[in-house]
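Structure first, commentary second.
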Amino acid sequence: MPEMLFIVGAGRSGTNLLSRMLEHAGGFSDLSENRYIWNYKQRYRSTDRRLPEEANEAVSTYIRRHYAVMSETHSGVLIDKTPGNALRLDFVSQIFPEAKIVNIVRDGRANVLSRSALWDEEGLLSDGTRPGMLTRYMRRIRRMRALGNLPNDRIPAFLADNMPALASRILLRRATLSGERVAGLREIEQRHGTRIARAVQWREVATFAAIEGRALGPDRYHEVGFENMLRNPRQTAEALFTFLGHDGGARSADWLDAKLDPGRLDNWKQRDRAEIAEIEPYLTPALTYFDYEVASDSVAAHKEGSR
């Protein structure tokens, strides 16, 4: 089997940046996202969560075979950065017990506001046109096919997965959540709105990955703080490559230095304070878990709500 590296983290947390840094060092190949490989024979697809016992022989063989085929056209360590894997690290580890896992964590407030900004820019919430949405959808299919991430036998699963959401966006002009699938998230969105649903999404993804990842031990699991990576790129790169047991930390640090702008770290704080105040109480438990500073009124609100 090829040597595997799984990069996990909530969307908009820096997984792409991390994989590009590794590829720049040499000896790594980014396979992008493989959602429809990892949900093979998954009974309940409303969540990305899968338990180790679901990794039976048929499922494990199918998933391993996919990466074995990919290794024929990609050299070095294969990087998978399927977002939903953050919610099923025990399942992933059952199939690839030797693989290493890197979890990148970004401040949940910055993450949620970044997701909102991205969707506004793409027109999915505001001025997106029907032809524009269809074009993006077809472009996504072509890209996945070109990358090898959507084999012929998984096309029906892809269509069943995406057609309802696409119809909702095009016909009803209704916003739909993207990214990692957390159990109950649709109901939260319906009752509390998209922004709070994204806050819960980040909270569950970040904590699930950290709890299950840390249990694997330091030889198999490594955590990267997005903010620390921007402030201390050399230290971050050196620690990461030491964990991976590969050379290239110095080259990657130079690449990061040239690419990153630490001055943008606090941009989210310039957003409407009411926006931040709305989501912060839902993020507070996880922000505290990851040692982020939180407003005292958010901590008080969380304690009051937990009584």
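Quick note: residue numbers are just sequence positions, from 1.
- With contacts defined as side-chain heavy-atom distances shorter than 4.5 Å, the pair Asp107/Leu265 does not qualify.
- Contact annotation: the side chain of Leu22 never approaches that of Val77 to less than 4.5 Å [non-hydrogen atoms, C-beta and beyond].
- In this structure, Leu113 CG and Lys269 NZ are separated by 12.5 Å, a value rounded to the nearest 0.5 Å.
- Under the side chain to side chain donor-acceptor pair (under 3.5 Å) criterion, Asp30 pairs with Ser19, Lys81, not counting sequence neighbours.
- Using a 4.5 Å heavy-atom threshold, the side chains of His74 and Pro2 count as separate.
- Side-chain contact between Met21 and Lys259 is absent, with no heavy atoms from C-beta onward closer than 4.5 Å.
- Under a 3.5 Å cut-off, the side chain of Arg145 and the backbone N or O of Leu150 do form a donor-acceptor pair.
- Atom-to-atom distance recorded for Arg20:CZ and Ser252:OG is 12.0 Å, nearest 0.5 angstrom.
- Put simply, the side chain of Asp161 never gets that close to the backbone of Ala157: no donor and acceptor are under 3.5 Å apart.
- Tracing side-chain contacts under 4.5 Å through hydrophobic residues (I, L, V, M, F, W, Y), one reaches Ile7 starting from Trp255; they form part of the same cluster.
- Proximity of a side-chain donor or acceptor of Asn149 to a complementary backbone N or O of Asn34 within less than 3.5 Å is not detected.
- Residues satisfying the side chain to side chain donor-acceptor pair (under 3.5 Å) criterion with Ser71, sequence neighbours excluded, are absent altogether.
- Without hydrogens or angle criteria, Glu180 side chain to Gly11 main chain gives a donor-acceptor distance under 3.5 Å.
- Proximity of a side-chain donor or acceptor of Arg251 to a complementary backbone N or O of Ala25 within less than 3.5 Å is detected.
- Arg154 is linked by a salt bridge (Lys or Arg N to Asp or Glu O under 4.0 Å) to nothing, counting only residues two or more places apart in sequence or in another chain.
- No continuous path of hydrophobic side-chain contacts links Trp268 to Leu260 [ILVMFWY only; heavy atoms under 4.5 Å].
- Between Arg115 and Gly179, the shortest heavy-atom contact is NH1-CA, 4.5 Å.
- Taking the side chain as every heavy atom from C-beta outward, Leu244 and Phe28 approach each other to under 4.5 Å.
- Taken to the nearest 0.5 Å, the OG1 atom of Thr82 stands 9.5 Å off from the CG atom of Asp48.
- Listed here is the closest heavy atom pair of Thr242 and Glu238: OG1-O, 2.8 Å.
- In this structure, Ala55 and Gln94 approach most closely via the heavy-atom pair CB-CG, 3.7 Å.
- Residues Ser116 and Arg198 have side chains that bring a donor and an acceptor to within less than 3.5 angstrom of each other.
- Here Arg140 pairs with nothing under the salt bridge (Lys or Arg N to Asp or Glu O under 4.0 Å) rule; sequence neighbours left out.
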For this session: Quick one: do Arg88 and Leu51 satisfy side chain to side chain contact (heavy atoms under 4.5 Å, CB included)? Show the steps, please.
Result: CA-CA 7 Å; Arg88 51 179 174 241; Leu51 301 177; over 6 Å; no
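- Residues that satisfy the salt bridge (Lys or Arg N to Asp or Glu O under 4.0 Å) test with Arg64, not counting sequence neighbours, are absent from this structure.
- Applying the side chain to side chain donor-acceptor pair (under 3.5 Å) test to every pair with at least one member in residues 5-15, sequence neighbours left out, gives these pairs: Arg12-Ser114, Ser13-Asn111.
- In this structure the side chain of Leu287 reaches within 4.5 angstrom of the side chain of Arg109, judged on heavy atoms.
- No donor-acceptor distance shorter than 3.5 angstrom exists from the side chain of Glu280 to the backbone of Val294, with no hydrogens or angles considered.
- Looking only at distances, no side-chain donor or acceptor of Glu189 sits under 3.5 Å from a matching main-chain atom of Ala197.
- Between the side chain of Glu3 and the main chain of Lys100, no donor-acceptor pair closer than 3.5 Å is present.
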Problem set entry | Verdict with reasoning, Thr207 to Phe290, per side chain to side chain contact (heavy atoms under 4.5 Å, CB included) | CA-CA 9 Å; Thr207 52; Phe290 290 110; 4.2 Å; yes
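- Closest heavy-atom contact between Ile104 and Gly14: CD1-O, 3.7 Å.
- Legend: residues meeting side chain to side chain contact (heavy atoms under 4.5 Å, CB included) with Arg142, ordered by chain and number and at least two apart, are Met138, Arg139.
- At most 12 non-hydrogen atoms from other residues, nucleotides or ligands lie less than 6.0 angstrom from CZ of Arg143.
- Identified under the ring-ring contact (aromatic ring centres under 6.0 Å, His included) test for residues 179-210, with sequence neighbours left out: none.
- A distance of 9.0 Å separates OH of Tyr36 from CG of Leu159, quoted to the nearest 0.5 Å.
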For this session: Apply side chain to side chain contact (heavy atoms under 4.5 Å, CB included) to Met229 and Leu240, showing your working.
Result: CA-CA 10 Å; Met229 181 170 66; Leu240 176 60; over 6 Å; no
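- In this structure, Ile141 is a member of the same hydrophobic cluster as Met144, with clusters built from ILVMFWY side-chain heavy atoms closer than 4.5 Å.
- Pro233 approaches Asp257 most closely through the heavy-atom pair CG-OD1, 3.1 Å.
- Members clustered with Tyr221: Met1, Met4, Phe6, Val8, Leu31, Ile37, Trp38, Tyr40, Val59, Tyr62, Ile63, Tyr67, Met70, Leu78, Leu89, Phe91, Val92, Ile95, Phe96, Ile101, Leu216, by chain and number, using a 4.5 Å side-chain heavy-atom cutoff among hydrophobic residues.
- Within 6.0 Å of atom CG in Asp247, 12 or fewer heavy atoms from other residues, nucleotides or ligands are found, so the atom counts as exposed in its surroundings.
- Within the 4.5 Å cutoff, the side chain of Glu212 has no heavy atoms near those of the Ser93 side chain.
- Under the ring pair (Phe, Tyr, Trp, His ring centres under 6.0 Å) criterion, Phe241 pairs with no residue at all, not counting sequence neighbours.
- Identified under the side chain to side chain donor-acceptor pair (under 3.5 Å) test for residues 51-60, with sequence neighbours left out: Arg50-Glu54.
- Residues meeting the salt bridge (Lys or Arg N to Asp or Glu O under 4.0 Å) test with Glu275, sequence neighbours left out: Arg195, Arg271.
- Side-chain atoms of Leu185 and Arg181, non-hydrogen and from C-beta on, never get closer than 4.5 Å to each other.
- A distance of 13.0 Å separates OH in Tyr137 from OG1 in Thr135, rounded to the nearest 0.5 Å.
- The two residues Pro281 and Ala277 make their nearest non-hydrogen contact at CD-O, 3.1 Å.
- Between the side chains of Arg231 and Asn228, not a single donor N or O lies within less than 3.5 Å of an accepting N or O.
- Taken from OG1 in Thr288 to CD in Glu293, the straight-line distance is 11.0 Å, to the nearest 0.5 Å.
- Cluster annotation: Phe158 and Met163 are assigned to the same hydrophobic cluster (Ile/Leu/Val/Met/Phe/Trp/Tyr, side-chain heavy-atom contacts under 4.5 Å, transitive).
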